Protein chains: 2
Amino acid sequence: MSERDPTLMSGVPELVLLRLLAHREMYGYEIARTLKVVSQDALTIGEGVLYPALHALEARGLLRSRTQQVDGRTRVYYQLTPRGHRRLARLTMNWRRMSEGVERILGATTYE
Amino acid sequence: MSERDPTLMSGVPELVLLRLLAHREMYGYEIARTLKVVSQDALTIGEGVLYPALHALEARGLLRSRTQQVDGRTRVYYQLTPRGHRRLARLTMNWRRMSEGVERILGATTYE
DNA sequence: TCTCATACCTCGTTTGGCGAGGTATAGTCG
DNA sequence: CGACTATACCTCGCCAAACGAGGTATGAGA
C-alpha cells in the first residue's frame, strides 16, 4: 500500500467525507448541508467536488452505496467499508501531523 | 481584491513560506532546511515546489529578492513586501478558520 | 405558472504539488 | 587524484484535485 497521501497538501474533502460517513449513512445532498452546519460555515463542498469525490471513493472501495427512492426523488446513500475506516484513521493521523506542523510554523517567533 | 483563497484546499506552501520569511530574510535552501526542523519533520518542501513558489510569490509582488555571493555560491535572499505581510495575515485567518472547521468535523461524535 | 429546494450528474479548466532531471561549487575521504 | 556529499540554484512535464458552470428532474408553495 502506502499510497499517495497529502504530503503537504490537504485532501481535506476526502478526509471530511470519510469522517462524516463514519458515523452514519448519508446521501450526497445531506452531506453538503451537514458539513456546512457542523463546521459552522468554515467548510463548504460544492457539488462539482462532492459527487466526483464520492464516486472516486466508491471506486476505490472505501465507500459502499445503495439507492433509495424518497418522495419520488432518488437518494444515494453512502457508508464506509472496512477499508474506508482504515483509510480514515490514516488520513486523520496525517492531518493532525500536518496541521500541528503548520501551527508550529505559525506560532514560533524565532527560528535559528 | 478579494482573490481566490483556499476554499477548502490548503495553499499550505504559500502560507508557510510567507510566515517563515516574515521573521527574517532567508534563501531557498535555508527555507527548506528550516521548515523541516521547525515543523519537526511534519512538513517538508521539495525543490520542485519551493523554487517555483518563490518565483511566483515574487512575481505577484509578495516577496522581494536580492542575490548574494557566499563562498563562491549564489544565494537568493527573499523577504516580505508590505503586500506580502497583508497576504500572510489573510492566509493565516483562512487557515485557522479552515483547520478549526476540520477539527469540528473530526471531533464531533454525533451530527443531526 | 414560476420559483425554490431537493437531488443527482458531468464536463472542461486551472492550479499547484511533485518527481526527475540538470548545472555548478566547495569540502571531505580514500 | 577521483568520488562522493552537501550546498545552492533552476526547469520541465505529469497528474490529481478543486471548482464553476451547466444540465436533468421532482415536489411544494406562492
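Scope of the values below: all heavy atoms of this structure, side chains included, with no hydrogens, waters or symmetry mates. These figures come from a predicted structure and were not determined experimentally. So that the names make sense, note that chain A is the first sequence line, chain B the second, and so on, each numbered from 1.
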Pairs flagged by salt bridge (charged side-chain N to carboxylate O under 4.0 Å, His left out) wherever residues 61-79 of chain B is involved - sequence neighbours left out: B:E25-B:R66

Please report, rounded to the nearest Å, how far the [atom2] atom of [N] is from the [atom1] atom of [X].
{"X": "B:L15", "N": "C:dG16", "atom1": "CG", "atom2": "C1'", "answer": "15 Å"}
{"X": "A:R66", "N": "C:dA7", "atom1": "CZ", "atom2": "P", "answer": "14 Å"}
{"X": "B:Q69", "N": "C:dT25", "atom1": "CD", "atom2": "C1'", "answer": "11 Å"}
{"X": "A:L43", "N": "D:dC19", "atom1": "CG", "atom2": "C1'", "answer": "16 Å"}
{"X": "A:L57", "N": "D:dA17", "atom1": "CG", "atom2": "C1'", "answer": "13 Å"}
{"X": "A:E14", "N": "D:dA18", "atom1": "CD", "atom2": "C1'", "answer": "13 Å"}
{"X": "B:L50", "N": "C:dA20", "atom1": "CG", "atom2": "P", "answer": "18 Å"}
{"X": "A:D71", "N": "D:dG29", "atom1": "CG", "atom2": "P", "answer": "11 Å"}

Residue pair B:G101 / A:A42: nearest heavy atoms and the distance that separates them: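 Smallest heavy-atom distance, with atoms named: CA-CB, 3.9 Å.
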
Please report the closest heavy-atom contact between B:E14 and B:L62, naming both atoms and the distance.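 Heavy atoms only, the tightest pair is OE2-CD1, 4.0 Å.
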
Short question: side chain of A:S65, backbone of A:V76 - any donor-acceptor pair under 3.5 Å? no

Within the side chain of B:R83, is there an N or O that forms a donor-acceptor pair under 3.5 Å with the backbone of B:R60? yes

Side chain to side chain, B:Q69 and B:T74, heavy atoms closer than 4.5 Å: yes

Would you tabulate the nitrogen or oxygen pairs shorter than 3.5 Å linking the protein to nucleotides 6-10 of chain D?
{"from": "D:dT7", "atom 1": "O2", "to": "B:R73", "atom 2": "NE", "distance (Å)": "3.1"}
{"from": "D:dA8", "atom 1": "OP1", "to": "B:R75", "atom 2": "NE", "distance (Å)": "2.8"}
{"from": "D:dA8", "atom 1": "OP1", "to": "B:R75", "atom 2": "NH2", "distance (Å)": "2.5"}
{"from": "D:dA8", "atom 1": "OP2", "to": "B:Y27", "atom 2": "OH", "distance (Å)": "2.6"}
{"from": "D:dA8", "atom 1": "O3'", "to": "B:T74", "atom 2": "O", "distance (Å)": "3.2"}
{"from": "D:dC9", "atom 1": "OP1", "to": "B:V76", "atom 2": "N", "distance (Å)": "2.8"}
{"from": "D:dC9", "atom 1": "OP2", "to": "B:G28", "atom 2": "N", "distance (Å)": "3.4"}
{"from": "D:dC9", "atom 1": "OP2", "to": "B:Y29", "atom 2": "N", "distance (Å)": "2.6"}
{"from": "D:dC9", "atom 1": "OP2", "to": "B:Y51", "atom 2": "OH", "distance (Å)": "3.1"}
{"from": "D:dC9", "atom 1": "N4", "to": "B:E47", "atom 2": "OE1", "distance (Å)": "2.5"}
{"from": "D:dC10", "atom 1": "OP1", "to": "B:H55", "atom 2": "NE2", "distance (Å)": "3.3"}
{"from": "D:dC10", "atom 1": "OP2", "to": "B:H55", "atom 2": "NE2", "distance (Å)": "3.2"}
{"from": "D:dC10", "atom 1": "N4", "to": "B:E47", "atom 2": "OE1", "distance (Å)": "3.1"}

